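Below is the structure I would like to discuss, written out as structure tokens.
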Amino acid sequence: MSSPQLDKTYDPKAVEARWSQVWQEQGYFHASPTHTGQPYSIVIPPPNVTGSLHVGHALNHSIQDILIRWRRMQGRNVLWLPGTDHAGIATQNVVEKQLMGEGASRESLGRERFIERVWQWKATSGDTIIRQQKRLGESCDWDRLRFTMDEGLSKAVLEVFVRLYEDGLIYRGERLINWCPRCLTALSDIEVEHEDVKGKLYHIRYPLVDDPQTALIVATTRPETMLGDTAVAVHPEDPRYNGLIGKRVRLPLTSRTIPIVGDAILVDREFGTGAVKITPAHDFNDFEAGERHQLPRLPILDHQALLDLDALNTAGVESELSTSIAGLPGSKARPKIEQVLKDRGLLVNVEDHKMAIGKCYRCKTVVEPYLSPQWFVKIKPLAEPAITAVEDGRIRIVPEGWTNNYLGWMREIKDWCISRQIWWGHQIPAWYCTTCNSGLFLSKVPMGTPVTAHAFLTILQGAKPIVARSAPTSCPACNGTSFLRDPDVLDTWFSSALWPFSTLGWPEQTVELKTYYPTSTLVTGLDILFFWVARMIMMGLKFMDEVPFRDVYIHALVRDAEGQKMSKSKGNVIDPLHVMEEFGTDALRFTLASMASPGRDIKLAEERIEGNRNFANKIWNAARFSLMNLDGPRTAVAPADRSFPDRWILSRLNHTIQLVTSELENYRFDRAANALYQFIWHEYCDWYLELIKPTLQNAASPDAPGTRQTLVETLETTMRLLHPFMPFLTEEIWQTLPHQGESIVIQRYPTSDTAWIAPDMEQRFGLLEQTIGLVRASRVLLNYPPGQQITFYVSHNEPQRQRHLEQLQKYLIHLGRGTVDLTPTTTWPTDNLLRLVAEGLSVGIVVTGEVDLNKALDRILKEQSEQTKEIGRLEGKLGNQEFVAKAPPEVITDHQDRLTSLRRDQAMLANSEQQLRAMLGG
RNA sequence: GGGCGGAUAGCUCAGUUGGCAGAGCGCCACCUUUACACGGUGGAUGUCGCAGGUUCGAUCCCUGUUCCGCCUACCA
């Protein structure tokens, strides 16, 4: 019988391509409610449909695949549901950029043709990331691939919107919202990124109407907004100003006078001058203050954040100034206004000021608070059950530390602005009767823009929407038949929030939904905890009356080797595909898993991946070695009747199985990976394979058939144990080994076998390892080449250990490479012998030829000094009455034992030192 | 402003009932020992951020503090 031959070096490329194809063709990843086993399901966090795989995805997906492959092997009825989202703003931006390159625009195409165009783009680029995921070996059920704008999922969105509206949880209202003047759309609060910048604080005089010589000095960071001021606020308990409450000031640069109001919420007496200007149309705080004091709102910026001439006129701004700043952005108008104020002596001073500005998370443009009618989700009633679900443990967040983060955010949550003024997405199912709402449609072309620019349509507050699953045929109020559909689309996260049930067929009550909902685990990064996780919990509880998942595992962010966030503009991105090409997919997956420690970001450097490429190669060669040595009979013997190395490795393997399994149960992928690394490299390869070489290479050895059996058994088991982490390598090796079944993917995950446990063998191994360690160290000290046969003596103080050493003799001979003498130290030669000692164990190596013994002497002196230090420490502790009185007895005994052992070793070493000095002297 | 996390070997990080401080990579020396040089053997390296406290004993628990990172926030 002949064994298959493997190449000397593992070549991932061919292997990976082959297996990912076979796995899919064989349908191993296909889930079915008819499968047996307790369901285990995960829905993938849907990446942007037109995006491509980055290393963050690679981490996120690797972790999910480890869980899924592990549970599948455990016999669970597994579903991993893949898919993508439509990423409204981001995708629309990409296509608009393409159009711009062609000299067109979305307006020139019109809504319908533009959307067609986006679908085309989706069709050409949409499977890029899916292809990449398959290359990563992800064992998703690709037959169930979903997209947020699929018909079924869109139906779910429609249903949810209508029901929430009917329940009074969706409303339309004019509010100040975050507005991106570049994307020309509203954003939700969390779509704004805050950034600290150096700004200036302007102090401006607002003269009193009654007494123009006296002025209130207000402080502001945005002087241009003063044109929209409708009041000035002071603190009602501030003696400097509270006498002025109720009086009026003349608003500089305008014809208006505005009231002085007292407001304890808005005003911080300590800050600035203690007087604040109020611009309700352009500042969130001021908006609320405006509501408290029933102040008018005077917007002066248009939807592009440009100063609007009509609005400036309405605000009574001096016409000369108006014409000079109209059409300018705030930043350009500011110096002009500053100059005018300075000329009139109204600018008191300007000081540096640190402040935060908000930027659009998609395009990084500075967002403006903008007054406009929008759709909102009334969130408190939804948030409450979502808080309870986490509090009472129906949902568990891992690591636990993020729980408070979640709860804190949920308790502070504000209504969610869900309307977006873009075209790509789920259009809001609201229609307006053109008769009933005549005069409430405002269409305007912004000034300073070409006439080809589209009219910007606003449906004013007060318009009465008809929300329905399909377009109304006649108006219930006036029987009119002419309707205008709300042009806005929904926030992409609105549809993502339904993902765990919309992907399973909801609102239909499918068997998939019954089987796989709630899902088992959600794996995600912290960055979308609020965007996505929180909202899924709210929607799941609302519409399924059940949490969407049991566990939320939050993993780290992947950074570059310097700890910098990876970004295309910095050029520090690690491209997972490039890495997979160079080092293999398994190496990347294993690296990411091994670095996924909770609460710490991953600083990824290529050297780490290279190291694990080497690990893969090590495993490959262990398999290669095994195959080279499998010719010959194999017999299965009861574990207890096997040889020492066999019993030892089975015991260690059993330990590793338990460890890896429990670490996986606790989402400690790092520890599971390290346990595998340690076992495979430093136990299996370093020791076990070395220990069994003589047996395998001696055809006559009586242990050979049993050892061959153990070799195959342990390697095959190890491959199954490692498979979730390194699917390709393990499949390739598993297929070459004697096996049953067609793929490792569908084999059983190893379980602990008590018959394998052999603590006495592990203890003996410890002794062997220690002995060989001393022999090898001696070799280096004496400059003996590894091949040189030596004569060495071994002895242990404890009779039991001594007996063990005698039983281990043949392994000592093999690994020590020479002849061994196991007589007591008293009978050892006193000359030409280097003696090392550790914990009662003495090893002596015969010194032959011309060798420099100074290296050996140095080592002994160093050990002596370390021992002396440790002895002193122990003596000190044991001499301390309080320690003896209060420390637990086992600790005291342990200290005493160690001290005894150390003193014995010290005596031996002193002896050894004397002999060495004698040899050097002679 | 508030909250959270981190600070342990040159680098990246493990390290929970407080009782000899570890790994990987890198570094040094030696080695073509027929599984593997993507390898083997041996070795060096730490006031466990700083200052207090609790304790017989602290990398671990408590308090304060510095630095870094993240999240969050309406001080104009």
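Protein chains get the first letters and strands the later ones, always in sequence-line order, with residue 1 at the start of each. Remember, predicted model here, so these are calculated numbers, not experimental data.
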For A/His282 together with A/Tyr370, are the ring centres under 6.0 Å from each other?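 A/Tyr370 vs A/His282: aromatic centres not under 6.0 Å.
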May I ask you to say what A/Arg269 touches in the nucleic acid, namely base, sugar-phosphate or nothing, with a heavy-atom cut-off under 4.0 Å?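 Since no nucleic acid heavy atom lies under 4.0 Å of A/Arg269, the category is nothing.
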Q | Check against side-chain contact (heavy atoms from CB on, under 4.5 Å), A/Asp601 and A/Val558 | A | CA-CA 6 Å; A/Asp601 281 344; A/Val558 184; over 6 Å; no
From CG of A/Asp601 over to C1' of B/C4, roughly how many Å is that when rounded to an integer?
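Taking CG of A/Asp601 and C1' of B/C4, I get 13 Å after rounding.
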task = Check whether any side-chain N or O of A/Ser597 sits under 4.0 Å from OP1 or OP2 of B/C13, and answer yes or no.
result =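 Looking at the OP1 and OP2 atoms of B/C13, neither is under 4.0 Å from any side-chain N or O of A/Ser597.
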Taking only distance into account, with no hydrogens and no angle test, what donor-acceptor pairs under 3.5 Å do side-chain atoms of residues 586-593 of chain A form with protein atoms, sequence neighbours excluded?
{"from": "A/Asp586", "atom 1": "OD1", "to": "A/Phe728", "atom 2": "N", "distance (Å)": "3.3"}
{"from": "A/Asp586", "atom 1": "OD2", "to": "A/Phe728", "atom 2": "N", "distance (Å)": "3.4"}
{"from": "A/Asp586", "atom 1": "OD2", "to": "A/Leu729", "atom 2": "N", "distance (Å)": "2.7"}
{"from": "A/Arg589", "atom 1": "NE", "to": "A/Phe725", "atom 2": "O", "distance (Å)": "3.3"}
{"from": "A/Arg589", "atom 1": "NH1", "to": "A/Asp65", "atom 2": "OD2", "distance (Å)": "2.7"}
{"from": "A/Arg589", "atom 1": "NH1", "to": "A/Leu136", "atom 2": "O", "distance (Å)": "3.1"}
{"from": "A/Arg589", "atom 1": "NH2", "to": "A/Asp65", "atom 2": "OD2", "distance (Å)": "2.9"}
{"from": "A/Arg589", "atom 1": "NH2", "to": "A/Pro724", "atom 2": "O", "distance (Å)": "2.7"}
{"from": "A/Thr591", "atom 1": "OG1", "to": "A/Ala587", "atom 2": "O", "distance (Å)": "2.6"}
{"from": "A/Thr591", "atom 1": "OG1", "to": "A/Asn612", "atom 2": "ND2", "distance (Å)": "2.9"}

Under-4.0 Å salt bridge between A/Arg903 and A/Glu875
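Yes, charged N to carboxylate O under 4.0 Å.
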Can you name the atoms? Protein N/O to nucleotides 55-58 of chain B N/O, anything below 3.5 Å, with the distance.
{"from": "B/C56", "atom 1": "OP1", "to": "A/Lys886", "atom 2": "NZ", "distance (Å)": "2.5"}
{"from": "B/C56", "atom 1": "O2'", "to": "A/Asn880", "atom 2": "ND2", "distance (Å)": "3.4"}

Requested in this report: Check the angle between the aromatic planes of A/Tyr677 and A/Phe615 and answer parallel, tilted or perpendicular using the 30° and 60° thresholds.
Outcome: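 Tilted: the ring planes of A/Tyr677 and A/Phe615 meet at 30° to 60°.
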Notebook entry, point to check: Within the structure shown, what part of the strands sits under 4.0 Å from A/Gly274 by heavy-atom distance: base, sugar-phosphate, or nothing?
Noted result: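 Base contact - A/Gly274 has a heavy atom under 4.0 Å of at least one base atom.
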Does A/Glu270 or A/Pro598 map to a spot on RNA chain B nearer the 5' end, using the closest nucleotide for each?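 Nearest-nucleotide comparison on RNA chain B picks A/Pro598.
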Rounded to the nearest angstrom, tell me the gap between atom CG in A/Leu676 and atom P in B/G24.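 After rounding, the gap between these two atoms is 15 Å.
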(message) By the 4.0 Å heavy-atom rule, please label A/Lys277 as base, sugar-phosphate, or nothing.
(response)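 No contact at all - A/Lys277 keeps every heavy atom at 4.0 Å or more from the nucleic acid.
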Give every pair of a protein N or O atom and an N or O atom of nucleotides 39-41 of chain B that lie under 3.5 Å apart, one pair per line with the distance.
{"from": "B/G39", "atom 1": "OP1", "to": "A/Asn614", "atom 2": "ND2", "distance (Å)": "3.2"}
{"from": "B/G39", "atom 1": "O3'", "to": "A/Lys618", "atom 2": "NZ", "distance (Å)": "3.1"}
{"from": "B/G40", "atom 1": "OP1", "to": "A/Lys618", "atom 2": "NZ", "distance (Å)": "2.9"}
{"from": "B/G40", "atom 1": "OP1", "to": "A/Trp681", "atom 2": "NE1", "distance (Å)": "2.7"}

message: So if I take every side-chain heavy atom of A/Met355 and compare against B/C13, B/A35, B/A76, which nucleotide ends up nearest?
response: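 Looking only at side-chain atoms, A/Met355 lies closest to B/A76.
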Verify, without hydrogens or angle tests, whether A/Asn674 (side chain) and A/Asp670 (backbone) share a donor-acceptor contact under 3.5 angstrom.
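Pair found, side chain donor or acceptor close to backbone of A/Asp670.
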Note to self: Test your reading of the model: is there a side-chain donor-acceptor pair from A/Thr279 to the backbone of A/Ala281, 3.5 Å cut-off?
What the structure shows: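 Checking the backbone N and O of A/Ala281 against the side chain of A/Thr279, no donor-acceptor pair under 3.5 Å is found.
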Between A/Arg898 and A/Asp894, is the salt bridge (charged side-chain N to carboxylate O under 4.0 Å, His left out) condition met? List the steps. CA-CA 6 Å; A/Arg898 268 164 50 205; A/Asp894 177 65; 3.2 Å; yes
List, with names and distances, any nitrogen or oxygen atoms from the protein found under 3.5 Å away from nitrogen or oxygen atoms belonging to nucleotides 71-75 of chain B.
{"from": "B/C74", "atom 1": "O4'", "to": "A/Asn285", "atom 2": "OD1", "distance (Å)": "3.4"}
{"from": "B/C74", "atom 1": "O2'", "to": "A/Asn285", "atom 2": "ND2", "distance (Å)": "2.6"}
{"from": "B/C74", "atom 1": "N1", "to": "A/Asn285", "atom 2": "OD1", "distance (Å)": "2.6"}
{"from": "B/C74", "atom 1": "O2", "to": "A/Asn285", "atom 2": "OD1", "distance (Å)": "2.8"}
{"from": "B/C74", "atom 1": "O2", "to": "A/Asn285", "atom 2": "ND2", "distance (Å)": "3.2"}
{"from": "B/C75", "atom 1": "O2", "to": "A/Asp268", "atom 2": "OD2", "distance (Å)": "2.3"}
{"from": "B/C75", "atom 1": "N3", "to": "A/Asp268", "atom 2": "OD2", "distance (Å)": "3.3"}

- Same-atom distance (C1') from B/G10 to B/G5, integer angstrom: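 Pairwise C1' distance, B/G10 against B/G5, rounds to 25 Å.
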Is there any protein nitrogen or oxygen under 3.5 Å from a nitrogen or oxygen in nucleotides 44-46 of chain B, and what are the pairs?
{"from": "B/A44", "atom 1": "OP1", "to": "A/Lys862", "atom 2": "NZ", "distance (Å)": "2.5"}

message = In whole Å, I'd like the distance from the CG atom of A/Asn666 to the P atom of B/A14.
response =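 Distance check: A/Asn666 CG to B/A14 P gives 16 Å.
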What's the CG-C1' distance between A/Leu715 and B/A35, to the nearest Å?
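The distance from CG of A/Leu715 to C1' of B/A35 comes to 12 Å, rounded to the nearest Å.
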**OP:** Considering only atom P, compute the distance from B/U54 to B/U59 and round it to an integer number of Å.
**Re:**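 These two P atoms come out 16 Å apart once rounded.
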Notebook entry, point to check: Within the side chain of A/Thr273, is there an N or O that forms a donor-acceptor pair under 3.5 Å with the backbone of A/Ile217?
Noted result: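 A pair under 3.5 Å: yes.
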Students often get this wrong, so: under 4.0 angstrom with heavy atoms, is A/Glu690 touching a base, only sugar-phosphate, or nothing?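 The answer is base, as A/Glu690 lies within the cut-off (heavy atoms under 4.0 Å) of a base atom.
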- request: Specify the separation, in whole Å, of atom CZ of A/Arg608 and atom P of B/A14.
  value: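 In whole Å, B/A14 P and A/Arg608 CZ are 11 Å from each other.
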*Under 4.0 Å: is that the gap between some side-chain N or O of A/Arg671 and OP1 or OP2 of B/C13?*
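So the side chain of A/Arg671 is outside the cut-off, no N or O lying under 4.0 Å from OP1 or OP2 of B/C13.
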Note to self: Taking the C1' atom in each of B/A21 and B/C4, what is the distance between them to the nearest angstrom?
What the structure shows: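 28 Å, rounded to whole Å.
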Query raised in the report: Between atom CD in A/Glu400 and atom P in B/G5, what is the gap in whole Å?
Result: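 Distance check: A/Glu400 CD to B/G5 P gives 11 Å.
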Is A/Arg859 near enough to B/G43 that one of its side-chain N or O atoms lies under 4.0 angstrom from OP1 or OP2?
->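 A/Arg859 to B/G43 OP1/OP2: side-chain N or O found under 4.0 Å.
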### Query
Hey, are A/His293 and A/Asp263 close enough side-chain-wise for a donor-acceptor pair under 3.5 Å?
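Yes, A/His293 and A/Asp263 have a side-chain donor paired with an acceptor closer than 3.5 Å.
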Gap between atoms CZ and P, on A/Phe590 and B/C25 respectively (whole Å):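 Going from CZ in A/Phe590 over to P in B/C25 covers 12 Å.
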> Name the stems with RNA chain B in them: runs of three or more consecutive Watson-Crick or G-U pairs, distances under 3.5 Å?
Replying inline: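 Result, WC/G-U stems under 3.5 Å: B:1-7 with B:66-72, B:10-13 with B:22-25, B:27-31 with B:39-43, B:49-53 with B:61-65.
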On the 0 to 90° scale, with breaks at 30° and 60°, tag the A/Phe679-A/Tyr684 ring pair as parallel, tilted or perpendicular.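 It falls in the tilted class, 30° to 60°.
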Just the rounded figure in Å: distance from P of B/G19 to CG of A/Asp897.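 After rounding, the reported distance stands at 18 Å.
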